[in-house]
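Notes follow once the structure below has been shown.
Every chain is numbered from 1 and lettered A, B, ... according to where its sequence line falls, protein lines coming before strand lines. The structure presented is a predicted model; accordingly, all values stated were derived computationally and were not measured.
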There are 2 protein chains.
Amino acid sequence: MARKPLTNPRKEASQARSRATVDALVEATARILVRDGFDKASTNRIADMAGVSIGSLYQYYPSKEALVAAVIDRHNRQIMRRVRTVLTEIASLPIESAVRRAVAVAIEAHRIDPRLHRVLAEQIPRVGQLQNVEALNREGYALFRGYLESRRGELRVTDLGLAAFVCATSIEALAHTAVLYHTEMLLDAEALIEEATRFILGYLQPPPG
Amino acid sequence: MARKPLTNPRKEASQARSRATVDALVEATARILVRDGFDKASTNRIADMAGVSIGSLYQYYPSKEALVAAVIDRHNRQIMRRVRTVLTEIASLPIESAVRRAVAVAIEAHRIDPRLHRVLAEQIPRVGQLQNVEALNREGYALFRGYLESRRGELRVTDLGLAAFVCATSIEALAHTAVLYHTEMLLDAEALIEEATRFILGYLQPPPG
DNA sequence: GTGGAAGACGAGCTATCGCTCGTATCCTAT
DNA sequence: ATAGGATACGAGCGATAGCTCGTCTTCCAC
């Protein structure tokens, strides 16, 4: 396997001026990733677009990968803030509305910055941040599993771990695919949400009657 | 968006000797992709591993991307041959066994060469082959949709297009995730297949009774 | 058996990459 | 006011990338 470059920031920025520099670098990285893709995102170009000298760039980030990792981090934080909130709120809801909310937030999360999300989804493996993203997936999975456990009596599934995996993976994939590759479906997002909800419920809930 | 390099082969190999050269190049590309990743797969290195001079490489492929595209192509062909066969066979099967077979073949297909599949899944967007892969997905989707239509009377879903999208996307995602990131699940692949089958059937079939 | 097309070769060009380091400027504690 | 740490600068180094082109070798139709 390939050797991993360091992806941690080099030092904290302590003065306001330098914090602005760091922000500009991360922002410029995100913009270049979206506009030109990972390959054309050279450190020189990033520094340029940030209006910062290449020397300053290397004061804060040891490599291009570290910069991309910072972008990923920022994006993930945005997503998880939203997902965590909603998946915590659903605890008190009945199954049907809980699942509907979960599906909706998955779509919402993917729509936060779809173009960036797409580039990142493609580039994350190369930056060696896969574990971190796996950790996020696992958190979503764990939150959902927690909910299932609290409602175990109302479910027809027995292996809640497996069920949570199946649900979380599918919901994520549906949201991901729809947002990134089938935007026309979002014109009637409600219909998609309803269908996905029926999908999940048909699996989780015992047949009526 | 980034400028696209040409990805078409440069010329056909007509003599046996040159066909061997082309094969060696594609094979070497695949091996280096798996072993070292896309970034370290330089044309010089590929030519080296193939035991072919760099000049010969450029006689047949105009760029590194073209070589990777050839690898993708070969791999996709392997996968689709299998998937097409099975999805055609299921036409005569009742829903339950048809879905089970479909799930099984999705997993099977991802297991053909998982390490290569993983690298390719990550790198395909950069090679601009996304449409081609989308075409494959659409073929899988269309085949499955055809089956659903032939059984429409036995289903509870109404929008078969949407249903096929939901099923195909989920099955693919479950197979993909399990094979690439949760190999421990494959120790009991039967259990996974059964669960996924229940999952899909709960959505497609009307409640019993 | 020979001429010309097909194939193979690899030194080396240009471009760009990631990155360092010596120097200049700014900020703040005293 | 000023010392000295924090911050910013950017010319330019070494490495490596993709790729060309002039030359040599092999194959095959006649």
Side-chain angles (χ1 to χ4, degrees), chain A residues 2-29 32-33 36-71 123 126-128, chain B residues 2-29 32-33 36-71 123 126-128:
Chain A
R3 182 144 308 291
K4 305 178 189 176
L6 296 174
T7 54
N8 290 336
R10 204 159 231 174
K11 66 174 175 188
E12 284 306 274
S14 71
Q15 301 178 1
R17 180 168 55 132
S18 54
R19 248 171 283 129
T21 301
V22 169
D23 282 356
L25 285 171
V26 176
E27 184 56 32
T29 305
I32 292 192
L33 280 178
D36 306 319
F38 186 87
D39 290 331
K40 308 224 165 165
S42 73
T43 50
N44 282 307
R45 213 194 288 270
I46 291 171
D48 223 41
M49 157 141 298
V52 159
S53 87
I54 182 65
S56 297
L57 185 154
Y58 279 96
Q59 294 232 337
Y60 299 102
Y61 294 97
S63 70
K64 168 178 162 176
E65 277 76 13
L67 235 5
V68 176
V71 173
Q123 304 303 342
R126 307 174 62 211
V127 182
Chain B
R3 185 141 305 293
K4 307 177 187 178
L6 296 174
T7 53
N8 290 337
R10 202 158 232 176
K11 67 175 178 190
E12 287 300 278
S14 70
Q15 301 179 4
R17 181 170 51 136
S18 56
R19 249 172 283 129
T21 301
V22 169
D23 282 357
L25 285 170
V26 176
E27 182 58 31
T29 304
I32 291 191
L33 279 179
D36 305 319
F38 186 86
D39 291 330
K40 309 226 164 164
S42 75
T43 49
N44 282 306
R45 214 195 287 271
I46 291 171
D48 223 43
M49 158 141 298
V52 159
S53 86
I54 183 66
S56 298
L57 184 154
Y58 279 96
Q59 295 231 338
Y60 300 103
Y61 294 98
S63 70
K64 169 178 162 178
E65 278 75 14
L67 236 4
V68 176
V71 173
Q123 304 303 341
R126 304 174 65 208
V127 181

* Rounding to a whole Å, what distance do you find between B:Asp39:CG and D:dT16:P? -> 14 Å
* To the nearest angstrom, how far is B:Lys64 atom NZ from D:dC19 atom P? -> 9 Å
* Minimum heavy-atom distance between A:Ala50 and A:Ala24, given as atom pair plus value -> CB-O, 3.5 Å
* A:Leu57 CG to C:dC19 C1', straight-line distance once rounded to whole Å -> 10 Å
* To do: Report which part of the nucleic acid B:Ser56 touches: base, sugar-phosphate, or nothing (heavy-atom distance under 4.0 Å, all strands).
  => base
* Taking only residues two or more places apart in sequence or in another chain, which ones pass salt bridge (charged side-chain N to carboxylate O under 4.0 Å, His left out) with A:Asp23? -> none
* Structure fact -> Ranking B:Ile54 and A:Ile54 by the position along DNA chain D of their nearest nucleotide, the one closer to 5' is A:Ile54
* To do: Using only side-chain N and O atoms of A:Thr21, determine if any of them is under 4.0 Å from OP1 or OP2 of D:dA8.
  => yes
* **Residue-phosphate contact under 4.0 Å: A:Ser42 side-chain N/O, C:dT16 OP1/OP2** => no
* To do: For the pair A:Thr21 and A:Gln59, evaluate side-chain contact (heavy atoms from CB on, under 4.5 Å) and give the outcome as yes or no after the intermediate values.
  => CA-CA 10 Å; A:Thr21 301; A:Gln59 294 232 337; over 6 Å; no
* To do: List for me each residue that meets side-chain contact (heavy atoms from CB on, under 4.5 Å) alongside A:Ser53, sequence neighbours excluded, and say none if there are none.
  => A:Ser56
* **Integer-rounded Å distance: C:dG18 C1' and A:Lys40 NZ** => 18 Å
* Asked: How close do A:Leu33 and A:Ala41 get, heavy atom to heavy atom, and via which atoms?
  -> CD2-CB, 4.3 Å
* Residues of residues 43-50 of chain B with any non-hydrogen atom less than 4.0 angstrom from an atom of DNA chain C: list those, numerically ordered, please. => none
* For the residue pair B:Met49 and B:Ile32, what are the closest heavy atoms and their distance? -> SD-CG1, 3.7 Å
* Distance-only, no hydrogens or angles: does the B:Ser63 side chain make a donor-acceptor pair with backbone N or O of B:Ala66 under 3.5 Å? -> yes
* Asked: Do you know which two heavy atoms are closest between B:Ala47 and B:Leu25, and how far apart they sit?
  -> CA-CD2, 4.3 Å
* Counterpart residues, side-chain contact (heavy atoms from CB on, under 4.5 Å), relative to B:Ala69 (two or more places apart) -> B:Thr7, B:Val127, B:Gln129
* Asked: Within the pair A:Tyr58 and D:dA8, is there a side-chain N or O less than 4.0 Å away from OP1 or OP2?
  -> no
* Is the side chain of A:Lys64 donor-acceptor paired with the backbone N or O of A:Phe38 at a distance under 3.5 Å, no angle test? -> yes
* Between P of D:dA17 and CG of B:Leu67, the distance in whole Å -> 15 Å
* Straight-line distance of B:Asp48 CG to B:Ser42 OG, nearest 0.5 Å -> 8.5 Å
* Asked: Reading nucleotides 22-30 of chain D 5' to 3', which nucleotides get B (base under 4.0 Å from a protein heavy atom), which S (sugar-phosphate only), which -?
  -> ----BS---
* Asked: Which angle, rounded to 10°, do you find between the first-five-pair axis and the last-five-pair axis of the helix from C:dG1-D:dC30 to C:dT30-D:dA1?
  -> 10°
* Asked: Starting at CG of A:Leu25 and ending at C1' of D:dC9, how long is that distance when rounded to a whole Å?
  -> 13 Å
* To do: Give B:Tyr61 one of three labels, base, sugar-phosphate or nothing, depending on what nucleic acid heavy atoms sit under 4.0 Å from its own.
  => nothing
* To do: For a side-chain contact (heavy atoms from CB on, under 4.5 Å) with B:Tyr61, tell me which candidate from B:Ile46, B:Thr43, B:Val26, B:Val68 qualifies.
  => B:Val26
